[in-house]
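Protein chains get the first letters and strands the later ones, always in sequence-line order, with residue 1 at the start of each.
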Amino acid sequence: MDKHQVAGILDEIGTLLELQGENPFRSQAYHNAARALEQLEENLADAVAADRLRAIPGIGQTLQEKIKVLVTTGRLPFYEELRQKTPPGLVRMLRLPGMGPKKVRALYEQLGIEELEALKVACQEGRVAALKGFGAKTQQKILEGIDFLGQAGQRLRIDQARALADVLVGQMRDGPGIIRMEVCGSLRRWKETVNDIDILLSSDQPGPLMERFVKLPGVTQVVAQGETRSSVVFSHLLYDNRQLVSIPADLRVVRDDQFPFALHYFTGSKQHNIAMRARAQQHGLKLNEYELAGPDRRIPCRDEADLFRALGLAYIPPELREHTGEMEAAAEGKLPQLIEPADLRGTFHCHTTWSDGNAGVEEMALAARRLGFKYLGLADHSQSLTIAHGLTPDRVRKQQAEIDAVAARVSGIKLFKGIECDILADGSLDFDDDVLATFDYVVASVHSHFGQPEPEMTARIIRAISHPRVTMLGHATGRLLLRREGYKVDLEAVLQAAARHGTLVEINAHPHRLDLDWVHCKRAKALGVRMVINPDAHSTEDLALVRYGVAVARQAWLEKDDVFNTRTAAQVAKALQKR
DNA sequence: GCCGTTTTCGGCCCGACTGTTTTCAGTCG
């Protein structure tokens with residue numbers, strides 16, 4: 001059982017305990033432990049074997065033992081008993097907005113409702129409104145919530161949420177009365193997926209702004225409207241008007257002198273905030289979303305940097321605010337100089353119409369130049385991937401001739417000739433050495449036999465990346481975002497092999513299949529692996545997706561030198577030649 | 001269930017908003 005599975009079970013236990021009406025701090029302890037496990041960099045089985053779990057903050061004696069049982073036996077009697085006495089439908093009912101464990105429990109105990117479908121019927125028959133503590137409005141909200149869950153209610157990918165946030169902010173900006181405005185929450189921390197959009201603004205007249213917000217075009221539901229905070233559901237068409245995407249959006253308004261505190265507070269994460277409040281307490285101060293204050297004085301701050309400084313901390317970038325050691329590092333002045341989007345000088349994993357891309361070589365080159373890139377690596381698919389028009393050796397020659405021709409025509413951008421070469425089932429490569437030798441670089445990727453058992457998949461990838469012609473490993477885990485699945489691979493072993501052979505490992509930045517997450521990247525860095533941020537671009541627009549890769553790199557505390565494509569074109573050319 | 005330079009017991013962030021209440025519990029972030 002890997003750490004994600006164990007973390008999932010601990011999370012579920014926490015939820016089940018809430019539904020049992022347990023001490024909330026006890027259930028919280030399970031959620032906290034789940035979070036801690038997700039961020040574990042090393043292999044969970046190793047940590048268990050070496051008795052290192054206890055050292056992780058949030059995991060004590062009891063949880064260490066439960067995790068150990070789970071990892072070694074794959075089961076946990078305590079969990080199974082808990083599941084037995086809680087109908088699984090109750091967990092789904094918790095996802096309804098405004099429904100917490102107490103309400104779900106009341107519905108179950110007093111009406112015997114244990115499924116969303118039964119709840120809907122009970123609402124329609126008016127039985128819910130008759131319950132003590134419930135009423136007509138609650139009943140109506142539940143019905144709306146069931147509807148919303150049916151059509152949306154899912155976490156959104158960050159690229160979709162950003163697009164919607166841009167629309168919302170743009171619409172708000174058109175009006176008067178706004179002093180400062182910022183998108184905060186998990187969106188500002190660049191999490192892969194987000195639950196909602198949080199917008200914070202400062203103003204002297206919150207009332208009219210609230211009115212405007214809830215009446216914006218695209219607002220399909222007003223969930224709450226107060227003097228300083230409103231919640232709506234916002235819907236917008238994305239992808240050339242082909243897909244309607246909905247997401248809850250919150251607006252909060254504060255006075256301008258409160259803005260830095262509110263910005264920090266609403267950016268989170270929750271764990272980071274709790275740690276910050278504790279630190280404020282150690283300084284004899286109280287921190288909330290409005291102020292940092294002692295018993296007899298308020299400490300004025302113009303921006304977040306002032307706030308951190310007042311607590312003896314260097315400025316912590318939003319991407320680092322996950323309570324994973326950033327406070328300690330900031331206190332000791334040991335925060336890294338994070339890689340910046342502008343540090344990227346080019347990218348490598350890009351397809352063209354020669355295989356399954358939808359733009360030609362020249363179009364891609366021009367688009368890369370417009371983005372300010374100094375070089376672009378073209379890496380179409382190799383011959384085995386027939387479904388994607390993989391290049392045969394003959395077409396490789398023709399494509400390379402075209403790249404030379406485009407390079408001669410287009411100035412200001414250097415083109416590298418690459419290939420995304422399939423790793424065949426046995427770990428051999430899809431071209432003979434004489435063909436491989438014609439490329440500036442080779443990205444090796446798995447595109448077939450995804451179902452191989454872990455040992456075979458691992459051996460296959462390690463064999464491929466130890467090949468002297470292979471420059472970088474493409475989508476190392478094949479992880480698909482939202483579905484969270486990839487191929488089964490011992491990533492630790494793969495990263496160690498990459499470190500041994502000096503193989504670059506790609507941070508695949510395409511939001512659809514973001515591959516290495518920040519925990520993986522931290523581990524990779526610790527093992528001495530250098531990374532490369534690639535968008536797996538199939539269109540000119542996809543090139544801009546490297547920004548998401550930069551976000552992952554920042555979350556992993558990577559600096560400019562940790563990432564290969566921060567080098568100049570000349571440095572890249574030299575490095576590739578040496579191989 | 002976790003945690004400890006005020007603590008091994010008694011805390012555990014805290015304020016806004018809603019709905020059902022008549023002073024507050026539940027939910028959310």
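In the region residues 107-126 of chain A, proximity to DNA chain B at under 4.0 angstrom, judged on heavy atoms, holds for none of the residues.
Counting non-hydrogen atoms under 4.0 angstrom, K141(A) reaches the backbone sugars and phosphates but no base. Nucleic acid contact for Q61(A): sugar-phosphate only, since backbone atoms but no base atoms lie under 4.0 Å from a heavy atom of the residue. In this structure, A278(A) reaches neither bases nor backbone, as no heavy-atom distance under 4.0 Å exists between it and the strands shown. Residue contacts shown for P24(A) are absent, as no nucleic acid heavy atom lies under 4.0 Å away.
Taking atom P on both nucleotides, dA16(B) is separated from dG11(B) by 24 Å, rounded to a whole Å. For the P atoms, the distance linking dC17(B) with dT22(B) amounts to 23 Å, nearest Å. Comparing dT20(B) with dG26(B), their P atoms sit 14 Å apart, to the nearest whole Å. The same atom, C1', is picked in dT5(B) and in dG1(B); the two are 24 Å apart, to the nearest Å. For the P atoms, the distance from dT8(B) to dG15(B) is 28 Å, rounded to whole Å. The P atoms of dT23(B) and dC28(B) are separated by 25 Å, rounded to the nearest whole Å. Taking atom C1' in both dC13(B) and dG29(B), one finds a spacing of 11 Å when rounded to whole Å.
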| request: With salt bridge (Lys or Arg N to Asp or Glu O under 4.0 Å) as the test, would you mind laying out the steps for E322(A) and K191(A) before giving the verdict? | output: CA-CA 10 Å; E322(A) 299 291 340; K191(A) 300 301 289 181; 3.6 Å; yes
Identify every side-chain donor-acceptor pair in residues 99-113 of chain A under 3.5 Å, counting partners at least two apart or on other chains, and give the distances.
residue	atom	partner	partner atom	Å
R105(A)	NH1	Q20(A)	O	3.3
R105(A)	NH1	E109(A)	OE2	3.3

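Remark: P of dC28(B) and CG of L96(A) are 10 Å apart, rounded to the nearest angstrom. Atoms NZ (K270(A)) and P (dT27(B)) sit 14 Å apart, rounded to a whole Å. Between K102(A) atom NZ and dC24(B) atom C1' the separation is 13 Å, expressed in whole Å. Remark: C1' of dT21(B) and NZ of K132(A) are 9 Å apart, rounded to the nearest angstrom. Rounded to a whole Å, the CG atom of L187(A) is 15 Å from the C1' atom of dG29(B). Atom CD in Q282(A) sits about 11 Å away from atom P in dG4(B), given to the nearest Å. Rounding to whole angstrom units, CD of residue Q271(A) and C1' of dG29(B) are separated by 12 Å. To the nearest angstrom, C1' of dG19(B) lies 14 Å from CG of L131(A).
Nearest nucleotide to the side chain of L63(A), out of dG29(B), dT27(B), dG1(B): dG1(B). The side chain of K103(A) has dG26(B) as its nearest neighbour among dG29(B), dG26(B), dG1(B). Distance from the side chain of T62(A) is smallest to dG1(B) among dG19(B), dG1(B), dT27(B). The R54(A) side chain lies nearest to dC3(B) when the options are dC14(B), dT27(B), dC3(B).
With salt bridges taken as basic N to acidic carboxylate O contacts below 4.0 Å, none links D159(A) and R162(A). Salt bridge status for R188(A) with E304(A): present, with a side-chain N to carboxylate O gap under 4.0 Å. Salt bridge annotation for R252(A)-E289(A): absent, with no cationic side-chain nitrogen under 4.0 angstrom from a carboxylate oxygen. A salt bridge links R554(A) to E319(A): at least one charged side-chain nitrogen sits closer than 4.0 Å to a carboxylate oxygen.
Nucleotide dT20(B) is shown with an anti base, its glycosidic torsion being more than 90° from 0.
Counting only distance, with no hydrogens or angles, the side chain of T86(A) and the backbone of L82(A) share a donor-acceptor pair below 3.5 Å. S186(A) places no side-chain N or O within 3.5 Å of a backbone atom of R189(A) that could act as its donor or acceptor partner.
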Polar-atom pairs under 3.5 Å, protein N or O versus N or O of nucleotides 15-17 of chain B: list them with distances, or write none.
residue	atom	partner	partner atom	Å
dG15(B)	OP1	K286(A)	NZ	3.4
dA16(B)	OP1	Y290(A)	OH	3.4
dA16(B)	O3'	T228(A)	OG1	3.4
dC17(B)	OP1	E227(A)	N	3.3
dC17(B)	OP1	T228(A)	N	3.0
dC17(B)	OP1	T228(A)	OG1	3.0
dC17(B)	OP1	R229(A)	N	2.9

Polar pairs (N or O, both sides) under 3.5 Å between protein and nucleotides 5-12 of chain B?
none

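Between L251(A) atom CG and I197(A) atom CD1 the span is 11.5 Å, to the nearest 0.5 Å. For the atom pair CD of E41(A) and NE2 of H520(A), the computed distance is 10.5 Å after rounding to the nearest 0.5 Å.
For Y290(A) and F261(A), the ring centers are positioned 6.0 Å apart or more.
By the salt bridge (charged side-chain N to carboxylate O under 4.0 Å, His left out) test, E492(A) pairs with R523(A), sequence neighbours left out. Scanning for salt bridge (charged side-chain N to carboxylate O under 4.0 Å, His left out) contacts around E80(A) gives R75(A), with sequence neighbours left out.
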